[in-house]
There are 2 protein chains.
Amino acid sequence: MSPQVTSYHHGDLRPALIDAALDLAREGGPGGLRLREITRAAGVTPNAAYRHFEDLDALVLAAAQVAQHRLAAAMREQIDALLADADADAGAAGAAVTRLRGVGLGYIHFAIAEPGWFELALLTFDQHASGEPTVTVDAQVPPPFQLLLDALDDMAAASVLTPQERVDAEWPCWSAVHGFADMATRGPLKHQAPEVLSALGAHVVDRIIAGISQPVAASESAEP
Amino acid sequence: MSPQVTSYHHGDLRPALIDAALDLAREGGPGGLRLREITRAAGVTPNAAYRHFEDLDALVLAAAQVAQHRLAAAMREQIDALLADADADAGAAGAAVTRLRGVGLGYIHFAIAEPGWFELALLTFDQHASGEPTVTVDAQVPPPFQLLLDALDDMAAASVLTPQERVDAEWPCWSAVHGFADMATRGPLKHQAPEVLSALGAHVVDRIIAGISQPVAASESAEP
DNA sequence: GGCCCATGTGGACAGTGTATACACTGAGTC
DNA sequence: GACTCAGTGTATACACTGTCCACATGGGCC
């Protein structure tokens, strides 16, 4: 497969370093990533990495983007699986809700199954940190977050959400799902069995979906 | 105040180290804490810390427990402030909901106001990681989490929540509030203005409270 | 065929956490 | 009042880290 391991020039070092970083981050997360260990795993001198990345942070960020795409792929698989199992006669409204459930469950299940990669992927989310709090549809939006926005737009289109309910609905959803994933990864639920986490995660997803489609109480809008 | 700074023995080094760690973690969070820097700030040699703590992690954890208590205190202040402003004739049900709002808003506001201490306090939450997912009432429960459990029990006592709705209600609540705080601290909302974060945080809190008091749909219980 | 430049190596430096051995001091005891 | 001793802080050293600099290598292009 590889042309010649003992040759002076590696030939394909950049992806090899990213792969090595992903391997090491799978157990131990991004915190345990050291430059020297990554380059050692790739069979190369520490400084060789500086020909392909600005510094360690840049290398880790490149690996984090790969992890983020794997997270998005897992979410898409979860969505498709739920849609395949869903009632065909549930209509557009049912399909939209199922899609939103898939977004949340996919995110949570990826965090449970691959906590190291999940933590790694989180490093990419503080990038598009400027501008509107409600992220507009442009190329800067991370794919996992875009899946959420699409699902919510579907719900609004299917009239499961009123236009007023749609506004800022992504933040309660993302907060609940991300918060649960974080607790399951490095918080109080870290050492729970996967089945327990899966059941609790489904509960969280169902409660937040119920919450965003609940009519806004009169007392809330009156707050300062 | 201090007896003699130039004396050979510091005299009160352990709390001085914790204070120095809190000072340094206030900007930079727990990730930026170095033993040598902490001891330097306390005017002492690095190895002096080993007379009072097992290692750096133990020192950081001791500071994290202080930060956790400050978080709980901020939450209690928020609860009391909301209760003082609330309608007196809202009854026990209204007071219970207000208390739950205070738990969530207090947590979020502390994270916004003191992100470094907030991240530090999170280190204490993976301690009681064994046993039941629904944490039972014992001395091991972190004070902030206990405030949530109490508020939910109040809501159940006031019949705002049915006994069925009360079960595991702490996890959707904690997930949403913690998830938002995490995003505001180190996630996609990191650089948003405090007023924006405060408004979005209130929205998240209101939506999750609506979600846990929503009747459980028939389709949810039928899931495998 | 010779050169060039991207790529990898080697050595060095400042910084880290921590182990081990030593120095100082204050309180308690004969 | 001198002695001891446990508690506390210091000094030195080691392995490790990320990163800078100068040098070595060799494949592709003129």
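The chains referred to below are lettered A, B, ... by the order of the sequence lines, with proteins before strands, and numbering in each begins at 1. Keep in mind that the numbers below use all heavy atoms, side chains included, and drop hydrogens, waters and symmetry copies.
Looking at heavy atoms from C-beta onward, L100(B) lies in side-chain contact with L148(B) at the 4.5 angstrom threshold. In this structure, the side chains of W117(A) and L71(A) stay at 4.5 Å or more apart for every pair of heavy atoms. The closest side-chain heavy-atom distance from V103(A) to I79(A) is below 4.5 Å. Between L61(A) and F53(A) there is no side-chain heavy-atom pair separated by less than 4.5 Å.
Put simply, CG on D12(B) is 13 Å from C1' on dT8(D), counting in whole angstrom units. Counting to the nearest Å, the P atom of dT8(D) and the CG atom of L17(B) are 12 Å from each other.
For DNA chain C, the residues of residues 45-58 of chain B within the heavy-atom distance limit of 4.0 Å (strictly under) are N47(B), Y50(B), R51(B), D55(B), L56(B), sorted by number. Listed in residue order, the members of residues 29-38 of chain A having a heavy atom less than 4.0 Å from DNA chain D are R34(A), L35(A), R36(A).
Classified by interplanar angle (parallel below 30°, tilted 30° to 60°, perpendicular above 60°), the ring pair H178(B)/F118(B) is tilted. F145(B) and W171(B) have tilted rings, their planes meeting at an angle from 30° to 60° on a 0 to 90° scale.
Counting only residues at least two apart or in different chains, salt bridge (Lys or Arg N to Asp or Glu O under 4.0 Å) contacts with residues 12-36 of chain B comprise R26(B)-E114(B).
Between R186(B) and D182(B) there is a salt bridge, since a side-chain N of the basic residue sits under 4.0 Å from a carboxylate O of the acidic one.
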